[in-house]
Student: 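I have a structure I would like to understand better, so I am pasting it below and will then ask my questions one at a time.
All of these numbers come straight from a predicted model, not from anything done at the bench.
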Amino acid sequence: MERNKTMMQDFEWYLKPDASHWKRVAKEAPVLKAAGITAVWLPPAYKGASGINDVGYAVYDLYDLGEFNQKGTIPTKYGTKDEYLEAVRTLQQNNIEVLADIVLGHRMGADEKERIFAYGYDENDRNVEIQGKKKITVWTKFTFPGRNGKYSDFKWDWTNFHGTDYDAKSQENGIYRFIGKEWDSDVDGEFGNYDYLMGVDLDMSDEEVLEELDRWGKWYFEFTGVDGFRLDAVKHIDFNFYKNWLTSLRKEFNKPIFAVGEYWNAELPILERYIEKTESTLSLFDVPLHFNMYHASRSNGYFDMRYILKNTLLSSRPDLSVTFVDNHDTQYGQALESFVLEWFKPHAYSLILLRNEGYPCVFYGDFYGIPHDKIKPVKDLKTLLKLRTYNAYGRLHDYFDNDKIVGWTLEGVDEYKNSGLAVLMTVEKGGSKKMYVGKHFAGLTFVDALRNVTENVVIDEDGFGTFKVNDGSVSVYRLKIGQTVGTRSEEPFINEHEVSAYAEVVNGTEPETFYGSNYKHLEENTSEMME
């Protein structure tokens, strides 16, 4: 049986711009392997408009991986091309897959300006024209003189873009659509049409653009040897683009190349619509789950934990859900700031690491800390990663039957003889819960691997144990070392209580039959919290 997959976002926003990160990544590869990481998502490797200070999302030249003297520097913020390639190889030698972060929707830092006609649009509703045709000066010519045609001789001009947000002649900001161009219609509906995000927006209906991005994708995948991609800001790009781009790439290399998209929206139906439109060709980050955890951490104990998994990709499309607690955008001071509070981080990581649905992604800032904000590594995160690697297997039993204290168990599998665990967490007062772990554990002792509860739990002859949790805490119980597990049963254990509590609340099936008249009140409270 293959071990559980675990991704890591191997950077945070405030890394020092000292061109040393690729070296650090290579050095830390054995550490990540030992921790149970099976894949890493590396930051954008190409040259950004701000040179060595660019985190990588203000894209200038996709072909410059820290090789050419452009934007005042040869290396990027993270290092040189050769150091990047070495980091990729070292990670793979440690059996860690590499995902490249790519940004294909916009460009910034053009080399020359052009004079063109454009129309002004309402920033809050990009379907509303507020200014008629006028001539503006725009930064749209990308000639890459420092690269001088190596790898690609393609030059970008205004005809390859939809619009921009700056008129260099009048020095006025606004949303400008270029003459003869139309915003892509199949994009997120925020602001009426959220095709335009920043810089100069690529025209994904332009054949030249599509051909060049297809060529670049094949070049990058072969040149770098990466295993897959993290796709930035997919909500701003025509929904057909990545479906076609990934299909072409997979066909070219005859590989099921993994890709996960960042569609930043907490509404599950919107993510499900994107999955339907793209015909399930890529996974998505589980933004709804992130916000459930964010609100739970800031609820002062008032969050109803029966709803923590409700309306998430984890419950709807676990096969395409990449779960995460925080990332570089949710950090303090960033555009999507929504940082989960420290006390709830062990709860949150238990939710994504110690279940058998979804593909969890650990954040660099939680693993190593964030010196910029004096944030320390998350307590017990490395222990939770070990538990995922060796214990989080087998049939799942959920106990989401209390508004404050919830839990679940995994029976384990024979391939990992001592696998299996029980998780109990609360956002308020502590307590206990009787949960089923399997008759094969009868008479054996479980201990809290996080050492929050010191009392051991002996499993009864029917496979149940009464597990405890302290106030505002989480406890993860595993088999005490030195014991022998009995034969696991092939017959599934069905707990009628857990079926009603989990299936009805999380999946929304006739909840009134379980909660009666209180259900609507609980639903309203949760909706208020989400808003």
Side-chain angles (χ1 to χ4, degrees), residues 7-33 37-104 107-109 111 142-154 212-213 215-230 232 249 252-253 255 257-258 328 364 368:
M7 186 192 308
M8 179 173 179
Q9 178 184 353
D10 206 353
F11 67 103
E12 54 101 353
W13 192 270
Y14 300 111
L15 292 177
K16 293 180 180 179
D18 56 8
S20 67
H21 188 58
W22 299 144
K23 292 179 181 178
R24 181 164 52 246
V25 167
K27 182 180 178 181
E28 287 288 297
V31 175
L32 298 186
K33 178 183 178 181
I37 301 299
T38 61
V40 298
W41 149 26
L42 294 179
Y46 36 77
K47 195 68 58 70
S50 300
I52 200 165
N53 294 305
D54 206 298
V55 176
Y57 297 99
V59 186
Y60 169 64
D61 186 358
L62 289 173
Y63 288 97
D64 183 358
L65 306 182
E67 181 178 2
F68 306 100
N69 189 356
Q70 299 189 109
K71 299 304 176 185
T73 178
I74 291 177
T76 67
K77 176 178 181 177
Y78 309 108
T80 66
K81 176 203 72 176
D82 291 340
E83 290 164 350
Y84 174 62
L85 298 179
E86 180 62 24
V88 172
R89 285 192 295 267
T90 304
L91 287 164
Q92 292 170 336
Q93 288 165 1
N94 281 271
N95 295 316
I96 297 174
E97 295 182 349
V98 179
L99 305 184
D101 196 334
I102 63 172
V103 186
L104 300 186
R107 294 286 183 277
M108 299 181 79
D111 301 298
F142 292 79
T143 59
F144 315 114
R147 180 160 54 82
N148 196 29
K150 187 174 182 181
Y151 304 127
S152 171
D153 59 4
F154 187 83
E212 172 61 10
L213 293 181
R215 280 194 299 269
W216 176 82
K218 291 169 182 175
W219 170 83
Y220 190 90
F221 188 75
E222 186 171 37
F223 186 79
T224 64
V226 296
D227 301 286
F229 299 97
R230 181 265 184 185
D232 185 67
L249 202 62
E252 175 76 14
F253 294 97
K255 291 181 178 180
I257 300 167
F258 176 79
H328 64 294
Y364 179 101
Y368 290 109

Student: Under the side-chain hydrogen bond (donor to acceptor under 3.5 Å, both in side chains) rule, collect the residues that match up with Asn69, sequence neighbours excluded.
Tutor: none

Student: Counting C-beta onward and ignoring hydrogens, is there a side-chain heavy-atom pair between Lys218 and Leu249 closer than 4.5 Å?
Tutor: yes

Student: For residues 64-74, which residue pairs qualify under salt bridge (Lys or Arg N to Asp or Glu O under 4.0 Å), counting only residues two or more places apart or in two chains?
Tutor: Lys47-Asp64, Glu67-Lys81, Glu67-Lys150

Student: Over 60° means perpendicular and under 30° means parallel, so classify the ring planes of Trp216 and Tyr220, tilted if in between.
Tutor: tilted

Student: List the residues meeting side-chain hydrogen bond (donor to acceptor under 3.5 Å, both in side chains) with Thr90, not counting sequence neighbours, and say none if there are none.
Tutor: Glu86

Student: Name the atoms and distances for all side-chain donor-acceptor pairs under 3.5 Å in residues 23-31, with sequence neighbours left out.
Tutor:
residue : atom : partner : partner atom : Å
Arg24   : NH1  : Ser20   : OG           : 3.4
Arg24   : NH2  : His21   : ND1          : 3.1
Glu28   : OE1  : Tyr368  : OH           : 2.7

Student: Under the ring-ring contact (aromatic ring centres under 6.0 Å, His included) rule, what pairs show up with a residue in residues 79-102, not counting sequence neighbours?
Tutor: Trp22-Tyr84

Student: When you measure from the side chain of Lys77 to the backbone of Leu15, do you find a donor-acceptor pair of N or O atoms at a distance under 3.5 Å?
Tutor: yes

Student: With sequence neighbours excluded, tell me which residues meet salt bridge (Lys or Arg N to Asp or Glu O under 4.0 Å) with Asp10.
Tutor: none

Student: Just to verify, what does Arg230 make a side-chain hydrogen bond (donor to acceptor under 3.5 Å, both in side chains) with, not counting sequence neighbours?
Tutor: Asp101, Asp232

Student: Run the salt bridge (Lys or Arg N to Asp or Glu O under 4.0 Å) test against Glu222 and tell me which residues pass, sequence neighbours left out.
Tutor: none

Student: Would Asp111 and Tyr60 satisfy side chain to side chain contact (heavy atoms under 4.5 Å, CB included), going step by step from the backbone distance to the final call?
Tutor: CA-CA 9 Å; Asp111 301 298; Tyr60 169 64; 2.7 Å; yes

Student: For Phe258, which residues count as a ring-ring contact (aromatic ring centres under 6.0 Å, His included) partner, sequence neighbours excluded?
Tutor: Tyr359

Student: Holding to side-chain hydrogen bond (donor to acceptor under 3.5 Å, both in side chains), I want the full list of residues that pass it with Gln92, two or more places apart in sequence or in another chain.
Tutor: Asp227

Student: Angle between ring planes, His328 versus Trp13, binned at 30° and 60°: parallel, tilted or perpendicular?
Tutor: parallel

Student: Can you check whether Phe68 and Phe144 have ring centres sitting under 6.0 Å from each other?
Tutor: no

Student: Listed by chain and number, what are the ring-ring contact (aromatic ring centres under 6.0 Å, His included) partners of Phe253, not counting sequence neighbours?
Tutor: Phe221

